[in-house]
Engineer: 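Input: one structure, supplied below.
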Amino acid sequence: MAGWRPRIDVNAMSLKARLASTLASAFVAILIIGAVLTFYQARDNIRAELQAARSVASNRVAQLVAELPASPDVRGKLAGFVRTFNGDRRVKVILIDSVGVIRDQSVMAQGFGSTLPDWFVTLLAPDPTVTVMPLTTVSAPITSVAIVVDPRNELADAWLDLLTALGLLVLFLAIAFGAIWIVADRALRPLGAIHEAFVRIGGGDYSAKVAPKGPPEMQELAEGLNAMTDRLAVISSRNRNLSDRLLHLEDEERAGLARDLHDDVGPLLFAIDVDASGIRRAAKTEMPDRNAIADRAAAIVSATHEARKELKRILGNLRPSATSGLGLKGAIEEMVADLQSRHPDVDFDLDLPEGDFGATIETLIYRTVREAVTNALRHARPATISIRIEARSGVLAFSITDDGGGFAGPRQPGSGFGLVGMSERTEAAGGRMRAEEIASPRGVRITGTVPLAGRSQLRHGETAPPTGLDDAAASAAMAFVKDER
């Protein structure tokens, strides 16, 4: 396309290119400013020097005029006066007779005025002036002295000074530019390695390291990047371990669900099948025993109710938020009321907060409390179980304490499926959990915190996805026990 010119994207320039262009622009501006200042200073100096030379020559002519009447040799006096100006760099004197003929003149010093560029002379040379001073009658036939101020030698000095000053300035700027470029290049050189390290980190390689080199700022940046990669490697490792543990917990929960269905619901279904088969056989006889049929039907009804109760219990364990309309406090109180009916000898001490903390956090806290209480009832003989939950400083803190005598034996790190499950779920939500024995009264205390920042992950009223539970199975179980709610 005619007239097309490539556009330079300034944002695409490297830092060194930006630095070079900025320095070059600054140096060019300095040169221009220096040249302008030098020009005005030279012009003023030349005018001052020429004016001073004209004044000196005029004073000397005036002195000559005063001395001529008393001089015995007027012609010799005039010739000597002219010779005193020979070799002068600025002033030339000319003796003129009554008809305008030059009788004598001084010879100026030879300079370099002829080598000056015309533009320089045009800019700096003042307007030419000739001063004519009359003499007395005793100097006849010479009647006047002309004073001619010639600026060429002064211009030559100014030109030489200008070239010297600008040359030194250019040399200084070139040295400064080179020094700054070298320093900047060495200082920015580590950025290449840091960029490569960031690319590797973005690709998932957390082993990328950068040797701390260059100025202190670059060393601190490299050390910070190395520390970041170490933390990312640790976090990545923890995330992998956590993922593995969560998968293991999911498998364990599936196995536990299978055991509950097999051990609790399976026998009831088997009993229902046996009683139903007995009813079918009795119905095929010629004289069916109605009482036996009624007994077996009653047994089927009883087994069905028991199966529903077991399914409701299993569903409550897997999906506690299925009844989350009660909120965290109501759900825990309902769970404790159910446990109280089965363990009347245990005293439950509750301190629960009001409020909506989000389905995700409420489900996590509910599971943790349920697991801790269930462990205490299953593995110890507590007289009192205390449950404390408190919202403070952006976290939801919980504490479950029992006086059941402590752990059954020495604890090994990672031992106890229930404790491991609680700990892993809490850490996955960004919280912390700790289980410890207490001495008085001897028992176990489980404490922890969960950040409330994650409460927006689910809206109020939503159901958290069950860990290790198939949604279809959950829906079927819900339909089976809905008339029991």
Side-chain angles (χ1 to χ4, degrees), residues 250-327 330-348 363 366-367 369-371 373-379 381 385 417-418 421 461-485:
E250 183 178 340
D251 293 338
E252 290 290 340
E253 287 188 343
R254 290 181 185 272
L257 174 61
R259 286 194 299 269
D260 288 340
L261 293 175
H262 181 271
D263 296 340
D264 298 332
V265 181
L268 296 174
L269 295 178
F270 178 74
I272 292 172
D273 180 67
V274 171
D275 290 333
S277 299
I279 292 175
R280 184 178 59 185
R281 288 194 301 271
K284 290 181 179 180
T285 61
E286 295 181 358
M287 299 292 294
D289 186 350
R290 294 184 177 181
N291 292 331
I293 292 175
D295 291 341
R296 287 183 178 273
I300 290 175
V301 173
S302 177
T304 302
H305 282 293
E306 290 297 324
R308 287 176 175 174
K309 289 172 62 178
E310 291 299 326
L311 282 177
K312 182 179 180 180
R313 178 184 64 81
I314 294 172
L315 183 62
N317 291 337
L318 292 172
R319 298 191 68 165
S321 59
T323 58
S324 60
L326 301 173
I332 294 178
E333 288 176 344
E334 184 182 75
M335 177 191 67
V336 169
D338 180 65
L339 294 174
Q340 184 78 70
S341 65
R342 287 184 282 156
H343 301 275
D345 55 334
V346 179
D347 182 25
F348 289 88
T363 299
Y366 180 91
R367 286 177 179 272
V369 172
R370 183 195 67 201
E371 189 69 32
V373 173
T374 302
N375 284 345
L377 296 175
R378 182 181 301 168
H379 302 296
R381 294 181 178 275
I385 297 178
F417 165 70
E462 288 184 340
T463 300
T467 304
L469 177 65
D470 183 78
D471 288 339
S475 300
M478 283 287 293
F480 187 71
V481 298
K482 65 180 180 179
D483 57 341
E484 289 294 316
R485 296 187 178 277

Engineer: Could you pull out all residues at least two apart from E306 that satisfy side chain to side chain contact (heavy atoms under 4.5 Å, CB included)?
Structural biologist: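 With sequence neighbours excluded, E306 shows a side chain to side chain contact (heavy atoms under 4.5 Å, CB included) to L268, K309, given in chain and number order.
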
Engineer: Could you report the tightest heavy-atom contact between I293 and A282, atom names first, then the distance?
Structural biologist: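 So the two residues come closest at CG1-CB, 3.8 Å.
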
Engineer: Taking side-chain hydrogen bond (donor to acceptor under 3.5 Å, both in side chains) as the test, write out the residues that go with D338, two or more places apart.
Structural biologist: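 So D338 forms a side-chain hydrogen bond (donor to acceptor under 3.5 Å, both in side chains) with R342.
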
Engineer: side-chain contact (heavy atoms from CB on, under 4.5 Å) with V346: which of V336, I385, L339?
Structural biologist: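 Testing V346 for a side-chain contact (heavy atoms from CB on, under 4.5 Å) against V336, I385, L339 leaves exactly one candidate, I385.
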
Engineer: Which residue pairs pass the side-chain hydrogen bond (donor to acceptor under 3.5 Å, both in side chains) test when at least one of the two sits in residues 269-279, sequence neighbours left out?
Structural biologist: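 Every pair satisfying side-chain hydrogen bond (donor to acceptor under 3.5 Å, both in side chains) with a residue in residues 269-279: D275-R296.
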
Engineer: Mind checking salt bridge (charged side-chain N to carboxylate O under 4.0 Å, His left out) for R378 and listing every partner two or more places apart, or none if nothing turns up?
Structural biologist: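 Checked R378 against salt bridge (charged side-chain N to carboxylate O under 4.0 Å, His left out); zero matches.
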
Engineer: Can you name the residues that form a side chain to side chain contact (heavy atoms under 4.5 Å, CB included) with L261, not counting sequence neighbours?
Structural biologist: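 Per chain and number, L261 pairs via side chain to side chain contact (heavy atoms under 4.5 Å, CB included) with L257, V265, L311, I314.
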
